[in-house]
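The chains referred to below are lettered A, B, ... by the order of the sequence lines, with proteins before strands, and numbering in each begins at 1. No hydrogens, no waters, no symmetry mates; every other heavy atom, side chains included, goes into these values. These figures come from a predicted structure and were not determined experimentally.
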There are 2 protein chains.
Amino acid sequence: MAGKHSSAPDKPVRDKPVRGRAKSVRSGQEPPLSLERIVATAVELLDAQGLEGLTMRRLADRLGSGVMSLYWHVDNKEDVLDLALDSVLEYRGPSRTAGPQAWHEDVVHMLEDWRAGMLRHPWSALLLPRRTLGPNILGRLELLSRTLSGAGVADADLNVALWSLWNYVIGATVTRAGFGVSDDERTAAQQRLADQSERYPTIARSRLLLDNDWDGAFRQGLDTLLDGLATR
Amino acid sequence: MAGKHSSAPDKPVRDKPVRGRAKSVRSGQEPPLSLERIVATAVELLDAQGLEGLTMRRLADRLGSGVMSLYWHVDNKEDVLDLALDSVLEYRGPSRTAGPQAWHEDVVHMLEDWRAGMLRHPWSALLLPRRTLGPNILGRLELLSRTLSGAGVADADLNVALWSLWNYVIGATVTRAGFGVSDDERTAAQQRLADQSERYPTIARSRLLLDNDWDGAFRQGLDTLLDGLATR
DNA sequence: GCGACTAGTAGTACATTGTACGAGTCGATC
DNA sequence: GATCGACTCGTACAATGTACTACTAGTCGC
């Protein structure tokens, strides 16, 4: 935690180092390092190679810089992961629908977008559990919270509603991501399950994994949950 | 994947190597290595030191063996984690309640037990997303599935119900575990949130993190979800 | 012009990790 | 006694995160 661009030792405020310092010695090809570039490249790398694929060396390579240069912009690898995660969770506009029951649609849209966004970057689902709440996550929670509140959910019930929805979304996303994006993994899991169908007859009968209309199931469960919450 | 105790190269069936081979050269103190002992010790270590705390060397130390000896019983570290996770998720008896609406109580009991079990070993929640379904997890799903089916949920709706409940439990557990078991971490998060209360007014008002009746909130959300599912 | 300072880059070095390889030990069977 | 298979373990290596230190290039006051 030594020489950082924000020199105050206790308050590591993350303000962008708005500084033009054109082409350095590095033959002028690459633009200079910056937090944004680091995070964006980290996301690229994570998308391409998964969670294991991100190493500081590889990241530096892709940025055309030395490894240790990263550490001027970033505290450590955890930091990179935190930032990558939060950057992926940005929410672009709610596109408010009008009319009665609009809040129902609004909430569904927000949460489906949330899930979709995370599934687009499957590593994010694996990361979420162990990271703290970044600004974009909090932003999403705030928006959700406001929508529910506007829909008439009493303050006393707000937390339960919020957590229920959050839990549902996180659970669904994490689960889905855990079963692998690749069809290979999924079919392998299905096969393993089919092999033991005599031990788990009910599951086998319900074709738990074979039915891969995940999106539909997500939506249905969400509707159910929302209905339940609305009638409280 | 070379010399393993199950010699068939394609089917690595995990059968316990039931073999008595008393006190070896190792001064006769430690009992011989075995999968069970390895897994149990791994769980101990994980409980004590968390996910980062588990290294093959430390594990071997605790077992009083050489590091490489572990690799005769286990393919790799992933394997250890898989086994540790599943071992922690064993479900001891349902304690069937009688009477009408018994299934509701049964389900709540099963899921609360599930959550409680995982929170007793917080690393398990972090692990769950990236692991495949072990026998104990499947067993729990089977039981849940059977209970729901017995309660009259149609086969067509079974998957949605199952996933909804699963998602909810996993989400709640993962979230709770992610906020840290230690009060320090939690209060730190609360503080961070309070600092930015002007940006997230609704959340701040609802005292999202301050209200730490997690168990009650879990139960309430679960009831809501079950009600919704029952009225389908 | 000149020295001091700041922002930023990067090479080297090291401790820690998972695990491949191969040698060793012991009991049972021929 | 020779052989084999189950099991143990020391050595070695490559990969990783990062501390330390030295370097470069601009800016500012003189």
Side-chain angles (χ1 to χ4, degrees), chain A residues 1-8 12 14-38 42 45 49-82, chain B residues 1-9 12 15-38 42 45 49-82:
Chain A
M1 208 180 275
K4 223 34 201 320
H5 52 101
S6 59
S7 49
R14 177 104 57 192
D15 45 3
K16 45 187 66 178
V18 216
R19 299 197 39 272
R21 178 146 94 62
K23 46 201 72 168
S24 74
V25 111
R26 212 174 42 263
S27 75
Q29 299 217 42
E30 306 278 357
L33 276 182
S34 72
L35 240 196
E36 292 79 24
R37 226 161 70 77
I38 290 178
L45 232 170
Q49 316 228 31
L51 208 48
E52 325 279 81
L54 178 71
T55 73
M56 297 304 269
R57 273 171 246 258
R58 264 201 276 268
L59 184 52
D61 270 5
R62 230 175 227 243
L63 286 160
S65 79
V67 199
M68 292 319 289
S69 307
L70 302 178
Y71 284 87
W72 196 87
H73 302 267
V74 154
D75 276 347
N76 45 37
K77 190 182 177 181
E78 298 268 292
D79 207 7
V80 177
L81 289 174
D82 276 341
Chain B
M1 209 180 275
K4 229 22 206 324
H5 52 99
S6 60
S7 50
D15 44 2
K16 45 187 67 177
V18 215
R19 298 194 42 270
R21 180 146 93 67
K23 45 201 69 166
S24 75
V25 111
R26 212 174 42 259
S27 75
Q29 299 216 42
E30 306 278 358
L33 277 182
S34 71
L35 239 196
E36 292 79 25
R37 226 161 71 77
I38 292 178
L45 231 171
Q49 316 227 31
L51 208 48
E52 325 278 83
L54 179 70
T55 73
M56 296 305 268
R57 272 170 248 259
R58 263 200 276 269
L59 184 52
D61 270 4
R62 229 174 227 242
L63 285 160
S65 78
V67 201
M68 293 317 289
S69 307
L70 302 179
Y71 283 88
W72 197 88
H73 301 267
V74 154
D75 275 349
N76 45 38
K77 190 183 177 181
E78 299 268 291
D79 207 7
V80 178
L81 289 174
D82 276 340

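B/Gln49 places its CD atom 15 Å from the C1' atom of C/dT17, with the value rounded to the nearest Å. For the pair B/Leu59 CG and C/dT17 C1', the computed distance is 14 Å after rounding to whole Å. Look at CG on B/Leu54: it is 12 Å from C1' on C/dG18, rounded to the nearest Å. For the pair B/Met56 CE and D/dG10 C1', the computed distance is 16 Å after rounding to whole Å. Between the NZ atom of B/Lys77 and the C1' atom of D/dA15 there is a distance of 14 Å, rounded to whole Å. Atom CG of B/Asn76 is separated from atom P of D/dA15 by 18 Å (rounded to the nearest Å). Atom CZ of A/Arg37 is separated from atom P of C/dG8 by 14 Å (rounded to the nearest Å). Taking atom CG of B/Leu63 as the reference point, atom C1' of D/dC7 lies 15 Å away to the nearest angstrom.
Summarising the geometry of B/Ser69 relative to B/Leu33, their closest heavy-atom pair is CB-CD1, 3.7 Å, with the distance given to 0.1 Å. The shortest non-hydrogen separation linking B/Ala60 to B/Val67 is CB-CA, 3.6 Å. Closest non-hydrogen pair, A/His73 versus A/Ile38, comes out as CB-CD1, 3.7 Å. Across every non-hydrogen atom of B/Glu52 and B/Arg58, the tightest pair is O-NH2, 4.0 Å.
Checking C/dT9, C/dG18, D/dT11 against the side-chain heavy atoms of B/Met68 singles out D/dT11 as nearest. Among the nucleotides D/dG17, C/dT19, C/dG11, the one closest to the side chain of A/Tyr71 is D/dG17. When distances are taken from the side chain of B/Trp72 to each of D/dG17, D/dA6, C/dC21, the shortest belongs to D/dA6. Checking C/dA10, D/dT18, D/dT8 against the side-chain heavy atoms of A/Ser65 singles out C/dA10 as nearest.
Listed pair B/Arg58 / C/dT16 fails the phosphate criterion, with no side-chain N or O lying under 4.0 Å from OP1 or OP2. OP1 or OP2 of C/dA10 has at least one side-chain nitrogen or oxygen of A/Ser69 nearer than 4.0 Å. Contact check, B/His73 against D/dT8: a side-chain N or O comes under 4.0 Å of OP1 or OP2. For the pair B/Arg57 and C/dT19, the criterion of a side-chain N or O lying under 4.0 Å from OP1 or OP2 is not met.
Applying the side chain to side chain contact (heavy atoms under 4.5 Å, CB included) test between A/Glu78 and each of A/Asp75, A/Val80, A/Val74, A/Asn76 identifies A/Asn76 as the sole match.
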